Amino acid sequence: MNANETWRAPRIWRFLLALSPYLVAPLCRLRVSGEVPEVLRGGPVILAANHVSPFDPAVLVAACHRAGMTPRIMATGGVFRAPLVGAVMRRCGHIRVDRGTARAADALADAAKALGEGSMVLVYPEGRIGLDPWMWPERGKTGVARMAQAAGAPVLPVAQWGTHAVIPYAAPKGLGRAVLRALLRRPVVHVRFGTPVDLSAVTGTPGARAMRATRLIMAGIDETLAPLRADEMRTPRVVDTSRPRDLSRVRPR
């Protein structure tokens, strides 16, 4: 693909996107809110989301399909190494992140290239399922800010809430019991698209800009999430007891 060509989602990815709402519907009632500015719908744009459950990617894909968007997902290298799933991820054009290896930096270059092709890139700035005991977004990694700087792409915060009531942190441990419970109860899961994060006033050295931009991005996700859990701001009604308690990356709120 030439630099001036726009990326077009492979047929297999368009099929899976169309299928995604039917896959999540038996397990939850998906509610999607917020407006994605028309100017961002054609890309490039970074969708920066909070991460609360292994079920998040399926729900976000279904929400993006409902909103008429076709994202490329940044996912851990372990997913790409899986025999069947990895082949599908590569065919769909998603972006591999090999955390903790010498190839980890390649993901930023691959994401910047994807954004240069006009893609929407979906990423979790926290870099893991959050372990904040109150389940608010943790301190983010600087990768999203660096991607935005490198590609000149806007960042759109996305918040999701309720996926922890479907699939617990410890999955696949206890997965069967969790799926059965979700099938019976079909908890409500929310996804909300927020307001683009304004990074125009961020100044300083590249490292300082990345850190300041990261704080703004995480604050944007936090603000997008707050209306979804207005009646459970302190402690979630559904507590995922399989989630370890880790205060090391808790953000001040």
Side-chain angles (χ1 to χ4, degrees), residues 1 7 9-17 19-20 23-24 43-64 69-117 119-132 137-151 153 155 158 160 163-164 167-173 175 210 214 217-218 221 242-244 246 248-249:
M1 177 179 289
W7 181 77
R11 185 176 300 174
I12 185 174
W13 182 222
R14 298 199 303 271
F15 168 75
L16 291 173
L17 275 166
L19 186 64
S20 61
L23 295 178
V24 303
V45 64
I46 300 169
L47 303 176
N50 63 321
H51 204 356
V52 295
S53 162
F55 193 50
D56 293 347
V59 164
L60 277 180
V61 166
C64 284
M69 299 187 296
T70 308
R72 297 170 74 172
I73 303 170
M74 294 190 75
T76 181
V79 175
F80 285 82
R81 288 191 293 272
L84 177 60
V85 175
V88 172
M89 292 289 286
R90 288 187 290 273
R91 285 282 302 277
C92 290
H94 298 312
I95 301 165
R96 176 171 178 161
V97 184
D98 288 298
R99 299 192 187 99
T101 73
R103 294 180 297 176
D106 294 345
L108 291 181
D110 293 341
K113 180 176 182 293
L115 291 165
E117 295 166 354
S119 299
M120 291 184 167
V121 174
L122 172 60
V123 62
Y124 299 106
E126 294 162 280
R128 68 177 187 181
I129 296 176
L131 300 182
D132 179 325
E138 298 180 316
R139 290 199 307 272
K141 303 288 187 179
T142 60
V144 175
R146 295 180 190 277
M147 285 163 46
Q149 291 172 9
V155 178
V158 184
Q160 56 191 341
T163 50
H164 59 292
I167 303 296
Y169 172 89
K173 182 180 178 181
L175 181 60
T214 299
I217 291 166
M218 298 313 300
I221 298 173
S242 74
R243 185 185 308 267
D246 184 351
S248 64
R249 287 171 53 185

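This is a predicted model, so every value here is computed, not measured. Numbers for residues simply follow the sequence, beginning at 1. As a basis for the values below, the full set of heavy atoms in this structure was taken, side chains included, without hydrogen atoms, waters or symmetry mates.
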If you measure from [atom1] on [X] to [atom2] on [Y], what distance do you get to the nearest 0.5 Å?
X: Cys64; Y: Leu17; atom1: SG; atom2: CG; value: 8.0 Å
X: Ile221; Y: Ile217; atom1: CD1; atom2: CD1; value: 7.5 Å
X: Leu47; Y: Met69; atom1: CG; atom2: CE; value: 5.0 Å
X: His164; Y: Ser242; atom1: NE2; atom2: OG; value: 11.0 Å
X: Met89; Y: Leu16; atom1: CE; atom2: CG; value: 10.5 Å

Can you check whether [X] reaches [Y] side chain to side chain, under 4.5 Å on heavy atoms?
X: Ser53; Y: Ile129; answer: no
X: Val24; Y: Phe55; answer: yes
X: Asn50; Y: Val52; answer: yes
X: Pro125; Y: Met218; answer: yes
X: Arg249; Y: Leu131; answer: no
X: Ile73; Y: Leu60; answer: no
X: Val121; Y: Ile95; answer: yes

- Query: Residues two or more places apart in sequence or in another chain: which of them pass salt bridge (Lys or Arg N to Asp or Glu O under 4.0 Å) with Arg96?
  - Reply: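 Listed in chain order: Asp98.
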
- Which pairs with one or both residues in residues 71-92 pass side-chain hydrogen bond (donor to acceptor under 3.5 Å, both in side chains), sequence neighbours excluded?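 Output for this query lists Arg72-Glu117, Arg72-Ser119.
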
- Between Gly143 and Leu108, which heavy-atom pair has the shortest distance, and what is it?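 Residues Gly143 and Leu108, closest heavy atoms: O-CD2, 3.5 Å.
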
- Message: Strictly distance-based, threshold 3.5 Å: is any side-chain N or O of Glu126 a donor or acceptor partner for the main-chain N or O of Pro137?
- Response: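 It does not hold such a pair.
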
Could you tell me which residues satisfy side chain to side chain contact (heavy atoms under 4.5 Å, CB included) with [X], sequence neighbours excluded, listed by chain and number?
X: Ala9; result: Trp7, Trp13, Arg14, Thr70
X: Ala171; result: Pro54, Ile167, Leu175
X: Val123; result: Ile46, Met74, Val144
X: Ser20; result: Val61, Ala62, His65

For [X], what residues pass the side-chain hydrogen bond (donor to acceptor under 3.5 Å, both in side chains) criterion, not counting sequence neighbours?
X: Arg146; answer: Thr142
X: Thr163; answer: Asp56
X: Arg128; answer: Glu138, Asp246

